[in-house]
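The next block holds one structure in the form of structure tokens; read it before the comments.
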Number of protein chains: 2
Amino acid sequence: MFSNQLLKGHLQTIVLQLLTDRGRMYGYEISQAVKSMTAEKIILTEGALYPTLHKLRAQGLVRTEVLVVGKRRRKYYELTPAGREASVSRVREFFEFVQTMQLLLGGRGKSTDHELA
Amino acid sequence: MFSNQLLKGHLQTIVLQLLTDRGRMYGYEISQAVKSMTAEKIILTEGALYPTLHKLRAQGLVRTEVLVVGKRRRKYYELTPAGREASVSRVREFFEFVQTMQLLLGGRGKSTDHELA
DNA sequence: AAATATACCTAAGTAATTTAGGTATTCAAA
DNA sequence: TTTGAATACCTAAATTACTTAGGTATATTT
């Protein structure tokens, strides 16, 4: 549904926050979690998700561990200390961005209330 | 500040809403309005703004009129009926997107309250 | 047995930017 | 008075983050 242009630039933020919440996840698990948490309104395509995970790793924000369950190979991702910091700042930045957008779009309402109350 | 990746896909939405509010504006005026309304947190670069305006026109969402003030040429943009509809749906879509993101990012708070209360 | 789900991956194409130019007029400052 | 900044428009190449469209392989369901 929103898997189009709206998501641009927010994919890393989503992954970082999910890993903050759940500790350790593998790629497929992340895609399923996002799908179910958003009632399928956000779908992370594999072509977007895997390159994003690889990039987070290249940036030193996550580290990986491959586990073999049965004969299936799962690549688990976990935040590094730098990743934990990045997660906080990315999420904060998202909400700041939304608040700023509300100045333009006339967001009547109490704002997103992030880090404010 | 946010002029980077966060803005992706939201530029048309911003322009449409501004024209909804103010009726008729020219390009430079739009860029200045966005800058001052957001305390310079959102800067629309000219390389992004002008192609966006041309695209909105190609899509039939705005129409243009060139006025000459002194010897300066200003190209005014105004919403078409289709543009007025698009403006409403784009803004609504933005806030729906934000609400969906809050499901993932743990947006504590009362949501953006858009079209809800 | 075949289809679906799980689980990973890459590469070509696309779209919306940024960056970096270009032209021309008006106004303020040195 | 001329230089710089602001006003006002524009385009093109490069960048970036996606989508689309493949590929491999195992496990489960029909």
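Bear in mind that the values here come from a model prediction, so they are computed numbers and not experimental data. Residue numbers begin at 1 in each chain, while the letters A, B, ... track the order of the sequences.
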Applying ring-ring contact (aromatic ring centres under 6.0 Å, His included) as the test, list every pair that has at least one member in residues 35-61 of chain B; sequence neighbours left out.
none
Quick one: which residue pairs count as a salt bridge (Lys or Arg N to Asp or Glu O under 4.0 Å) with a foot in residues 57-68 of chain B, not counting sequence neighbours?
B:Arg24-B:Glu65, B:Arg63-B:Glu78
Can you sort out the partners of B:Tyr28 under ring-ring contact (aromatic ring centres under 6.0 Å, His included), two or more places apart, ordered by chain and number?
none
Identify, with sequence neighbours excluded, every residue that meets side chain to side chain donor-acceptor pair (under 3.5 Å) alongside A:Thr80.
none
With the threshold set at under 4.0 Å for non-hydrogen atoms, list the residues of residues 19-28 of chain A touching DNA chain C in residue-number order.
A:Tyr26, A:Gly27, A:Tyr28
Atom pairs, N/O to N/O, protein against nucleotides 25-27 of chain C, distance under 3.5 Å?
from, atom 1, to, atom 2, distance (Å)
C:dT25, O2, B:Arg72, NE, 3.3
C:dT25, O2, B:Arg72, NH2, 3.3
C:dT26, OP1, B:Lys71, N, 3.2
C:dT26, O4', B:Arg72, NH2, 3.1

Those residues that, when tested against A:Arg73, pass side chain to side chain donor-acceptor pair (under 3.5 Å) (two or more places apart)
none
Go through the structure and list residues passing side chain to side chain donor-acceptor pair (under 3.5 Å) with B:Glu29, not counting sequence neighbours.
none
Between the protein and nucleotides 12-15 of chain D, list every N/O to N/O distance that falls short of 3.5 Å.
none

Check side chain to side chain donor-acceptor pair (under 3.5 Å) between A:Arg22 and all other residues, then give those that pass, not counting sequence neighbours.
none
Name the residue from B:Ile14, B:Ile42, B:Leu18 that meets the side chain to side chain contact (heavy atoms under 4.5 Å, CB included) definition with B:Met37.
B:Leu18
Would you kindly confirm whether A:Val88 and A:Val98 end up in one hydrophobic cluster when ILVMFWY residues are joined by side chain heavy atoms under 4.5 Å apart?
no
For residues 61-94 of chain B, which residue pairs pass the ring-ring contact (aromatic ring centres under 6.0 Å, His included) check, not counting sequence neighbours?
B:His10-B:Phe94, B:Tyr26-B:Tyr76
Distance check needed: C:dC8 P versus A:Glu65 CD, whole Å only.
13 Å
